[in-house]
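Computation of the quantities below employed the complete heavy-atom set of this structure, encompassing side-chain atoms and omitting hydrogens, waters and symmetry-equivalent molecules. Whatever order the structure lists them in is the order used to number ligands and atoms, beginning at 1.
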Amino acid sequence: MRSLRTGLSLAALVTGAALLFAAPAAHAADTPLRDLAAAKGKVVGTAVTGSKLTGSYGDIAGAQFGSLTPGNAMKWGTVEPTQGSFNWTEADQIVAFAQAHNQQVRGHTLVWHSQNPSWLTNGTWTSAQLSSLLQNHISTEVGRYKGEIAAWDVVNEPFNEDGTYRPTLWYNGLGANYIAQALTWAHAADPAAKLYINDYNVEGVNAKSTALYDLVKSLKTAGVPIDGVGLQAHLILGQVPAGLQQNIQRFADLGVDVAITELDVRMALPADSAELAQQKADFKSVVAACAAVTRCVNITVWGFTDSDSWVPGTFPGYGAATPYDENYVPKPAYYGIAEALGGTQSTAGCAATYSVTSQWNTGFTGQVTIACTGTALSSWNASWTYGAGQQITQAWNAVCTQSGAAVTCTNASYNGTVPDGGSVTFGFNASWSGSNPVPVVTLG
Ligand code: 9MR
C-alpha cells in the first residue's frame, strides 16, 4: 500500500461528458447505545419524564438506554406534596417501564435544597424534627423501591462554587453531618443500592470538585456508606473541562464509582451545523473520558431529546442540548456518544458521488463529493474497488491509498467535517486502459 499525494504526470485533457454515479452511503443498522456501552462494561442512560414513555419517546428510551433516571418523579416535592400524603404514580411508572425493558434505575434524588414540598420548606423545625423528617423520607422512599434501584443520588448539590457547604435547609439545621446521616439511612433501607453524592461544576479539577473529593475521602475513612460520585455535566458548547478524565480518575482512586449523571451540552439557538459538529465532539470527549476509567460506570444524558430538556426553560435563547432533535432524529451528538463507545460512525444521511471529470487516452481525473442531509460527519473515508485495473497516481483534499484494486481515501486534516446540509469534495488523477467503469463508493 502506498500513499498517493504526489506524482502527477498530466496527459492531454480530453473534454467529454462527465460520468456521474451517486452511490448510496453504507446503511448498516446502528447498534443501540446501550449495547455499545455494555460491550465496554458501561451503562448509558437517560433522564425521562414518565408520562411521555409511549410512542417514539418510549421506543427510543427503551431501545437505546440501559438505565433511566426520573427527571423529577422521585423528588420530595413530587412524592410527598402534602405531608403524609404520597404520590408514587410517575415514579412507579418509570420503574415498571425500566423493568420491562431490562434497564437499571438511578434514583434521583433524596436530599436536595430544591424541589422540596412547601410544607417542608415553609415549616419551622427543630434540629431533631428535621432529622426525623429526613430519616423518614429516606426510609420511606428507599424502602419502597428496595431491590429495584441500582444507584441513588442520595445527596444532591451540597457545595457552593468555592467548595464551602451550600447553606441549605439541611446544612443550616443539621450541619455537615446531614450527608453522612443521609447515606447511612439510605444504606439501612436498601443495602444493595449504590449510594452517590451528585453535583454540578465538579467535572474538572477545581475548588468545588476538590471539596467533594475531600468529603468522599473523609466519608470513606469514617466508614460511611458512600459508593459513588455523580458528575452532572451540564456543559456549554466547546467547554468540556480539560481535566475531566483526570478528575474521574482521582475519584476512582479513592475507591468509589463515578457516573456522568446529567450530561447535556447547550448552545445559543438556532443551532447551526458547525455548532452541532462541535457538540458531537463535546459529547464524544465526555463519553471517552468515562470510557477510559474502569470505575466510571454510567453516562446518563439529562433528557435524550431536545423536546424534553430543561435548558430552554432555564436559559432563554439556549437549547439543542441533547443527542436527539425535537423530532427524535439522532443529531451528530448521538454519533459522538456511539463513536466514543466503539460504534462505527453512521453515515446514514450522507451520500458519496463519484464522477470522472475529464478523461484522455491513458488517464483521467475524478472526484468524489460527500454530502450530508440531516446528519453530519466529523471524519470520513470513502472506499471503492476498481473493476478494470485503474490506478490512482495522485490525490488532493484527501489521503488515498490503493492496494490492488481497493482504494481508500480518508479526509485531510482540514476537511473531516461534513456539515448537515453541506458537502466536501476531493479529487484524484488515475490511469486506465481498455475501459474505465465507475465504481460504487462506500462511506465510512
Ligand atoms: O430536569 C429537571 C427540570 O425538569 C426541573 O424543572 C428542574 C428544577 O430545578 O430540575 C431539573 O433537574 C435538575 C436535577 O434534578 C439536578 N441537577 C440540575 C438539573 C437541571 O436543573
Quiz item: When you look for heavy atoms under 4.0 Å from ligand 1, do you find them on the side chain of Asn72, its backbone, both, or neither?
Solution: side chain

Quiz item: Is the NZ or CZ atom of Lys208 both under 6.0 Å from the centre of the six-membered ring of Tyr200 and within 45° of that ring's axis?
Solution: yes

Quiz item: Quick one: which ligand 1 atoms are inside 4.0 Å of a heavy atom on Asn156?
Solution: 16 (C)

Self-check item: Closest protein heavy atom to atom 11 (C) of ligand 1, given as residue, atom name and distance to 0.1 Å
Solution: Lys75 NZ, 3.6 Å

Exercise. Could you see which bit of Tyr200 sits under 4.0 Å from ligand 1, with heavy atoms only: side chain, backbone, both or neither?
Key: neither

Quiz item: Under the 6.0 Å and 45° cation-pi test, does Arg250 pair with Tyr213?
Solution: yes

Quiz item: Is any side-chain heavy atom of Val418 less than 4.5 Å from a side-chain heavy atom of Trp380?
Solution: yes

Quiz item: What is the nearest protein non-hydrogen atom to atom 21 (O) of ligand 1, stated with its residue, atom name and distance?
Solution: Trp310 CE3, 3.2 Å

Quiz prompt | Protein heavy-atom partner closest to atom 18 (C) of ligand 1 - residue, atom, separation in Å | solution = Glu262 OE1, 3.2 Å

Self-check item: Per-atom contacts, ligand 1 versus Glu157 - under 4.0 Å to a heavy atom
Solution: 16 (C), 17 (N), 18 (C)

Quiz prompt | Nearest-neighbour protein heavy atom for atom 14 (C) of ligand 1, which is reported as residue plus atom name and distance | solution = His108 NE2, 3.4 Å

Exercise. Would you mind running through ligand 1 and noting each atom that sits below 4.0 Å from a heavy atom of Trp302?
Key: 1 (O), 2 (C), 11 (C), 12 (O), 13 (C), 14 (C), 15 (O), 19 (C)

Exercise. Compute both the distance and the angle, then confirm whether Arg266 meets the cation-pi test with Phe315: under 6.0 Å from the six-membered ring centre, within 45 degrees of the axis.
Key: yes

Quiz item: Could Arg106 and Tyr196 be counted as a cation-pi pair, given that NZ or CZ must be under 6.0 Å from the ring centre and within 45° of the axis?
Solution: yes

Quiz item: With no hydrogens and no angle check, is any side-chain donor or acceptor of His234 less than 3.5 Å from a backbone partner on Glu262?
Solution: yes

Self-check item: Heavy-atom nearest neighbour in the protein, as seen from atom 8 (C) of ligand 1, with distance rounded to 0.1 Å
Solution: Gln115 OE1, 3.1 Å

Quiz item: With atoms numbered from 1 as shown, which atoms in ligand 1 lie under 4.0 angstrom from a non-hydrogen atom of Trp112?
Solution: 9 (O), 15 (O), 16 (C)

Donor-acceptor pairs under 3.5 Å, side chain of residues 214-226 to any protein atom, not counting sequence neighbours: which ones?
from   : atom 1 : to     : atom 2 : distance (Å)
Ser218 : OG     : Leu215 : O      : 2.9
Lys220 : NZ     : Gly255 : O      : 3.2
Thr221 : OG1    : Lys217 : O      : 2.9

Exercise. Begin from the C-alpha positions of Phe428 and Trp396 and carry the test ring pair (Phe, Tyr, Trp, His ring centres under 6.0 Å) through to its verdict.
Key: CA-CA 6 Å; Phe428 53 87; Trp396 52 94; 7.4 Å; no

